[in-house]
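Following: one structure in structure tokens, then a few remarks.
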There are 2 protein chains.
Amino acid sequence: MTIPLPGAQVRGSKTGKPIMALLDLLGRTWALGIIWNLRSGPATFRELQQRCEKISPTLLNTRLKELKTLQLIENQESGYQLSSQGFDLFEIISPLGTWSSQWAQALMENKKS
Amino acid sequence: MTIPLPGAQVRGSKTGKPIMALLDLLGRTWALGIIWNLRSGPATFRELQQRCEKISPTLLNTRLKELKTLQLIENQESGYQLSSQGFDLFEIISPLGTWSSQWAQALMENKKS
DNA sequence: AAACATGCTACATTATTTGTAGCAAACTTA
DNA sequence: TAAGTTTGCTACAAATAATGTAGCATGTTT
């Protein structure tokens, strides 16, 4: 799968509008999960593998390369970490944490009835 | 692929923490794209297919079922549309539109140097 | 120098996505 | 009212992506 560079053809868009490139990226297995799991600080490859519970090393490496190319993460001495852009992105999606709990609760209540 | 119900085992989590169920869902091909494309109002199946430019009907239908089960969209007379929960979700992620443009620009500038 | 840890790669198996064709049901039009 | 059209979707084979396990090279600890 080619890396969804804004400007290039990506899933969902011939023009490569930045939002489409981003949605393509985030829509790939584990991309969001990796970003989410890096929110709590840098992690080495194996650490990150554990945070992600059951990601395969093959895919982890593939995603890390993509995220690095797209400058959302960087690889420093302390391990992989969100770049400043990656962190901005995380801040946008971070309300999903709280939201998802409410959503889960609503789902349960609707199941009852 | 089983629908990532909060509480069940999902990709990335044995416990099915709601956020993990959500990230699993959103990390599926086209899930984010469909939500994004419904932001501008209801659409019939074929309309939605066009908004998504090149989604296959098979997958569109699969995702629609998932999103419906998880109460993020609903199917009314006017077609498929975001449910009130789906809309809340969209509101959280909607800043990605603007953010992605800045990101794309930053990427371009870094390419130069 | 032997044992261990780390960051990956190889690769076969399995799962997901695509793309095309087309069908049944509901609506139009003649 | 009978012949199109359109719509919502299913079938299915081919292509692509993800998983899981093994393991290797390099660096570090004892």
Side-chain angles (χ1 to χ4, degrees), chain A residues 1-5 8-14 20-21 23-38 41-70 73-82, chain B residues 1-5 8-14 20-21 23-38 41-70 73-82:
Chain A
M1 205 155 39
T2 59
I3 299 182
L5 273 173
Q9 283 217 356
V10 295
R11 258 181 338 200
S13 166
K14 286 158 198 153
M20 285 302 150
L23 295 183
D24 181 354
L25 175 71
L26 299 182
R28 294 175 181 198
T29 308
W30 275 111
L32 276 167
I34 290 172
I35 292 171
W36 195 264
N37 281 313
L38 282 176
T44 64
F45 189 90
R46 296 225 173 185
E47 259 167 38
L48 193 47
Q49 232 182 327
Q50 287 176 336
R51 288 194 197 166
C52 291
E53 290 191 32
K54 39 191 175 182
I55 191 173
S56 73
T58 316
L59 184 61
L60 177 55
N61 192 239
T62 304
R63 285 292 168 272
L64 287 174
K65 277 180 192 161
E66 293 170 0
L67 293 169
K68 220 180 332 177
T69 299
L70 296 174
I73 64 173
E74 49 199 22
N75 193 357
Q76 306 270 296
E77 286 207 20
S78 45
Y80 290 99
Q81 59 185 257
L82 293 177
Chain B
M1 203 153 42
T2 59
I3 299 182
L5 273 173
Q9 283 217 355
V10 296
R11 256 182 338 202
S13 165
K14 287 157 198 155
M20 286 302 150
L23 294 183
D24 182 356
L25 174 71
L26 299 183
R28 294 176 180 197
T29 308
W30 275 111
L32 276 167
I34 290 172
I35 293 172
W36 195 264
N37 281 314
L38 283 176
T44 64
F45 189 90
R46 296 226 174 188
E47 259 168 36
L48 193 48
Q49 234 181 325
Q50 287 175 336
R51 288 194 196 166
C52 290
E53 288 189 34
K54 39 190 175 184
I55 191 173
S56 73
T58 317
L59 185 60
L60 178 55
N61 191 240
T62 304
R63 285 293 168 272
L64 287 175
K65 278 180 191 159
E66 293 170 1
L67 292 169
K68 221 180 331 177
T69 299
L70 296 174
I73 64 173
E74 48 198 23
N75 193 357
Q76 306 270 296
E77 286 206 21
S78 46
Y80 290 98
Q81 59 186 257
L82 293 176

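Given the structure is predicted, the values throughout are model-derived calculations rather than measurements. Every chain is numbered from 1, with letters handed out A, B, ... down the list of sequences.
In this structure, the CH2 atom of A:W30 is 11 Å from the P atom of D:dG20, given to the nearest Å. Rounded to a whole Å, the CZ atom of B:R11 is 11 Å from the P atom of D:dG20. Distance A:N75 CG to C:dT6 P: 15 Å, rounded to the nearest Å. Atom pair B:E77:CD and C:dA26:P shows a separation of 15 Å (rounding to whole Å applied). As a whole-Å value, the separation of A:I3 CD1 from D:dA17 C1' is 15 Å. Between A:L60 atom CG and D:dT21 atom P there is a gap of 16 Å when expressed in whole angstrom units. Straight-line distance from the NZ atom of A:K54 to the P atom of D:dG20: 8 Å, rounded to whole Å. In this structure, CD1 of A:I55 is placed 16 Å from C1' of D:dT21, rounded to the nearest angstrom.
Residue B:Q49 is the one, among A:R46 and B:Q49, whose nearest nucleotide of DNA chain D lies closer to the 5' end (criterion: closest heavy atom).
A sub-4.0 Å separation between OP1 or OP2 of D:dC9 and a side-chain N or O of B:Y80 is present. The shortest distance between the side-chain N/O atoms of B:R63 and the OP1/OP2 oxygens of C:dT17 is below 4.0 Å.
B:S56 comes within contact range of at least one nucleobase, with a heavy-atom separation under 4.0 Å. Looking at heavy-atom distances under 4.0 Å, A:T62 makes no contact with the nucleic acid at all.
For A:N61, the listed nucleotide lying nearest its side chain is C:dC8; candidates were C:dC8, D:dC9, C:dT17. Of the candidate nucleotides C:dT17, C:dG22, D:dT19, D:dT19 has the atom nearest to the side chain of A:L59. Minimum atom distance to the side chain of A:P57 is reached by D:dT21, of the listed D:dG8, D:dT19, D:dT21. Considering only side-chain atoms of B:T58, the nucleotide from C:dT20, D:dA18, D:dT21 that sits closest is C:dT20.
When side chains are defined from C-beta on, A:E47 counts as touching A:R51, because their heavy atoms get closer than 4.5 Å.
Applying the 3.5 Å distance criterion, the base of D:dG8 shares no donor-acceptor pair with the side chain of B:T44.
B:R63 approaches B:T29 most closely through the heavy-atom pair NE-O, 2.8 Å. Among all heavy-atom pairs drawn from A:K54 and A:W30, the shortest one is C-CZ2, 4.4 Å. Nearest approach of B:V10 to B:L5, heavy atoms of both residues: CG1-O, 4.1 Å.
Not one N or O on the side chain of A:R11 forms a donor-acceptor pair closer than 3.5 Å with the backbone of A:L23.
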